[in-house]
Q: 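Can you read through this structure? Questions will come right after.
Quantities reported herein were computed from a predicted structural model and do not represent experimental measurements.
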There are 2 protein chains.
Amino acid sequence: MSIIQYKNNDRLLLAIDCIIFGFDGRYLKGLFVKRQIEPQKDKWSLMGGFVKETESVNNAAGRILNELTGLSNIYMEQLFCFGDADRDPGGRVVSMSYFALIKIDEYTSELMNTHNARWFELNKIPKVIFDHKQMVKLAKERLQQKVSNHPIGFELLPDKFTLPQLQNLYEAIYETPLDKRNFTRKILSLGILNKLKEKEKESSRKGAFYYMFDKAKYKKLENEGVRFI
Amino acid sequence: MSIIQYKNNDRLLLAIDCIIFGFDGRYLKGLFVKRQIEPQKDKWSLMGGFVKETESVNNAAGRILNELTGLSNIYMEQLFCFGDADRDPGGRVVSMSYFALIKIDEYTSELMNTHNARWFELNKIPKVIFDHKQMVKLAKERLQQKVSNHPIGFELLPDKFTLPQLQNLYEAIYETPLDKRNFTRKILSLGILNKLKEKEKESSRKGAFYYMFDKAKYKKLENEGVRFI
DNA sequence: GCAAAAGTGTTTTGTCTACACCCATGA
DNA sequence: TCATGGGTGTAGACAAAACACTTTTGC
């Protein structure tokens, strides 16, 4: 086989940068780390790494997320290829950005310390290196758009969640208040949530019923006709 | 500056593959070429090339499109990064796919001959190399989705076009017939088309008025609230 | 005068929006 | 008993969908 055919072409470094979203019940947050290498060492940065010769780009993204968070089986999606020739002063690095949705309490504080990581509210992110600010902006827009048609919001919530929690999440993502009655009606009308007998009693006297997302029921509708919000 | 920091990481070949759409008045088509290099020489393939060290990825895509079609200022958009480690038997090549929309009659037959290129109806594309079939499928889905919110359909039509032509285009993209009255009402209600005095007389006795897309009028609406279909 | 495509309105249906009160409970 | 957040229904506005006939003109 003829790698020979390609040998006159340039080879580039291909990086992964990952915007990791979390939701604490009130705020939509992003996870940032203090960069460990030059250039821009100790500056805030997205989690990232390099793609290896022997792995697929998507697998590299999964690997890097796993190395840095200990998590696997996470919802991840390609975001955009950032490819300006001078985007990284350390070399010719093309970056594939991904966004990931994790349940915020699964990312433990030990790991936060190990990697010098911190959650920031999306409206209060610090100065970040290179084009990472643009990546975050784009990721947020993509999340807003995606969450309106696809059942990915649940990735940010515990397996059991209440309708008020779910509404808070959508309000945080869209940065706009929603009408409680319209919201519940619409979500429940999709028929993809299972109501549990159990109530969440922390945040109110009355307590709110838990629900779970029913993937099987969703699959049946998936023929694209689903509008979440 | 410390490219040194990155030097232990693998360098990969980064290719561009471009799905070029055209519309002949009836059918949505894709442009394919006979591949000029091994492996898989002489097989049908998308237009492609490699990103150079010194250029941005987006510019590379523009350059490659220009080299192969002679066209510039073309609507192009990143599609997806295809990064399986074994996707190309000729080497470790990651491909950024793009889709482009061109006016079909601007791609001349000389160029078709030069590059061994051919238009294929999207439903009748030949066997193509590597993962290019997947790329085409994804591009088509993305086009369908994008064209519903963004005024990019016009990129596939001559500057002057008739409403029946525009409707044919949408019908071809969505592979579904549309109601003529509802279609015209909706499109015209957006207030982004200018009606000309002139008629197109080829395709009917009566003749159909020409319209032009008015970019300035569109810009005023662009605050995302636009639904084309 | 007829074939072939362009142009044009109205009614029905469904979806989205706005809006306010009672309920359950722990303190 | 009261403060707090959870839960529920209806009416009006608006947008989408269904549907058929008249107009123009080259042959």
Q: What are the bounds, 5' to 3', of the part of DNA chain D that sits under 4.0 Å from heavy atoms of chain A?
A: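 Listing 5' to 3', DNA chain D meets chain A from D:dA3 to D:dT10.
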
Q: Distance alone, cut at 3.5 Å: any donor-acceptor contact between the side chains of B:Asn182 and B:Arg185?
A: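 Note: B:Asn182 and B:Arg185 side chains meet the donor-acceptor criterion.
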
Q: With a 3.5 Å cut-off and no angle check, do the side chains of A:Ser95 and A:Asp17 form a donor-acceptor pair?
A: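 Present: a donor and an acceptor within the cut-off.
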
Q: Which pairs, with at least one residue in residues 174-209 of chain B and sequence neighbours excluded, count as a ring pair (Phe, Tyr, Trp, His ring centres under 6.0 Å)?
A: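 Sorted pair list: B:Tyr170-B:Phe183.
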
Q: Take nucleotides 10-22 of chain C nucleotide by nucleotide from the 5' end and write B, S or -, depending on whether a protein heavy atom sits under 4.0 Å from the base, only from the sugar-phosphate, or from neither.
A: B------BBBB--

Q: If the condition is side chain to side chain donor-acceptor pair (under 3.5 Å), which residues does B:Glu121 pass it with, not counting sequence neighbours?
A: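 Side chain to side chain donor-acceptor pair (under 3.5 Å) check on B:Glu121 returns nothing, list empty.
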
Q: Checking side-chain polar atoms at under 3.5 Å, does A:Ser203 have a donor or acceptor matched by the opposite partner on A:Glu200?
A: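 Indeed, the side chains of A:Ser203 and A:Glu200 share at least one donor-acceptor pair under 3.5 Å.
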
Q: When the distance from CD of B:Glu202 to P of C:dA5 is rounded to whole Å, what number comes out?
A: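 In whole Å, C:dA5 P lies 14 Å from B:Glu202 CD.
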
Q: Please tell me whether A:Phe23 and A:Phe21 form a close aromatic pair, meaning their ring centres lie under 6.0 Å apart.
A: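 Here the rings of A:Phe21 and A:Phe23 have centres that are no less than 6.0 Å from each other.
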
Q: Could you list by number each residue of residues 190-201 of chain A showing a heavy-atom separation from DNA chain D of less than 4.0 Å, or answer none if no residue does?
A: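 Output list: empty, so none.
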
Q: Distance check needed: C:dT8 C1' versus B:Ile187 CD1, whole Å only.
A: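 Roughly 17 Å, once rounded to whole Å.
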
Q: If I take atom CZ in residue A:Phe209 and atom P in nucleotide C:dA24, what distance separates them, rounded to the nearest angstrom?
A: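 About 10 Å, once rounded to whole Å.
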
Q: Given that B:Gly207 and A:Gly207 both sit by DNA chain C, which one's nearest nucleotide is further toward the 5' end?
A: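 Of the two residues, B:Gly207 wins.
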
Q: Would you tell me whether A:Tyr27 and A:Asn123 have side-chain atoms, one donor and one acceptor, within less than 3.5 Å of each other?
A: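 Side-chain D/A pair, A:Tyr27 to A:Asn123: absent.
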
Q: Are side-chain N/O atoms of A:Asn149 and A:Arg227 paired as donor and acceptor at under 3.5 Å?
A: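 The answer is yes; a qualifying pair exists.
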
Q: Across the strands shown, which category fits B:Ser203 at heavy-atom distances under 4.0 angstrom: base, sugar-phosphate, nothing?
A: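 If one applies the 4.0 Å heavy-atom cut-off, B:Ser203 turns out to touch the sugar-phosphate alone, with no base involved.
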
Q: Are a donor atom and an acceptor atom from the side chains of A:Gln145 and A:Glu141 found within less than 3.5 Å of each other?
A: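 Not at all, the side chains of A:Gln145 and A:Glu141 share no donor-acceptor pair under 3.5 Å.
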
Q: Parallel, tilted or perpendicular: which one describes the rings of B:Phe154 and B:Phe213, with boundaries at 30° and 60°?
A: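 Rings of B:Phe154 and B:Phe213: parallel, under 30°.
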
Q: Just list the side-chain donor-acceptor pairs under 3.5 Å for residues 124-136 of chain B, sequence neighbours left out, or say none.
A:
residue  : atom : partner : partner atom : Å
B:Asp131 : OD1  : B:Arg87 : NE           : 3.4
B:Asp131 : OD1  : B:Arg87 : NH2          : 3.0
B:Asp131 : OD2  : B:Arg87 : NE           : 2.6
B:His132 : ND1  : B:Leu46 : N            : 3.1

Q: Rounded to the Å, how far apart are B:Phe183 CZ and C:dT8 P?
A: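 Rounded to the whole Å, the gap is 14 Å.
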
